[in-house]
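Before any comments, here is the structure.
In this chain, numbering begins with 1 at the start of the sequence shown. In listed order, ligands and their atoms are each counted from 1. What you see is a predicted model, and the numbers here were worked out from it, not measured in a lab.
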Amino acid sequence: MFQEIHSTTNAVDAAAFVDTHCHLDDDSFASDLDAVMDRSRELGVSRWINVGFNPDRWQPSIDLADRFPGMSFMLGVHPGDARRWSDTVHADLKELMERVPPVAIGEIGLDFYRGETNVEQQVMAFQSQLDLALERGLPAAIHMRSAESLVLEVIKSRYKTPPLLFHSYDGSDELTGWILANDAYVGVGGLATRTKSHHIHKQLRRFPLDRLLLETDSPYLVPNGFKHRRNTPESIPRIAAFVATLLDTEAGLIASQTTRNAERFFERLPPP
Ligand SMILES: [Zn+2]
């Protein structure tokens, strides 16, 4: 089954895949990243967006883009790191983005999954970074966990928001409605492939194909059907095949359409 998916995907695929969200500067890739990248390329994944999600991960993300053609990065402060947000961090991020432009600001948003109580801090970091994205003319990738109503409230209260991508989408009917009405995008990855993710499947069926982006969130969120514990960009064709089955269409169409979507959403995406 696994082999079949890969060969089918390679056969139809001229439009190489983009992994729009990964963490390849993670320690788990320290010893074999070159091999992971080679295998990923062989499977048709030829562009990657690494997420520099806190100040310690900004430079490693930029370094990866220097090291691998087809690699780009986004920069931001994750809601889980919102307690580090300060005027200094804000100024540093702004200066860095001017000097080394990312393809997006991210991942930013709100996360109360572990009972976090720093609501104001998270909202402030989120709002400031949405402003930064607007200032720089960049899209923003949203991380949202146990926080949908407040994310919606923040976004709706704003005079203007940058183009938005809801990474690893698992929103409700209401958020899906907002996304459809406001031309935002959703990231589809390992979470959606889980058999128990019925409500994600229901939402994904509501989106036209031109709203979907593929992502792995490597090394996290290993898709259903893989035995290994570390996710890698090699699982993108598997995710595409899953989406094709879910939406009753061809994997080749998912490949070409999601790549076009990535090029449209991330205007600064480098060539493969
Ligand atoms: Zn991530």
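- Relative orientation of the His198 and His201 rings is perpendicular, given thresholds of 30° and 60° on the angle between their planes.
- Outside the 6.0 Å centre-distance limit, the rings of His143 and Phe126 are not counted as a close aromatic pair.
- Heavy atoms from other residues, nucleotides or ligands lying under 6.0 Å from CZ of Arg83 number 12 at most.
- How far OG1 of Thr20 is from CG of Asn50: 12.0 Å, rounded to the nearest 0.5 Å.
- Taking the N/O/S atoms of Asp217 in turn, the shortest distance to the Zn ion (ligand 1) belongs to OD1.
- Nearest N, O or S atom of Glu107 to the Zn ion (ligand 1): atom OE2.
- Taking the Zn ion (ligand 1) as reference, His21 places its N/O/S atom NE2 nearest.
- Backbone or side-chain N, O or S atoms of His23 reach the Zn ion (ligand 1) at under 2.8 Å.
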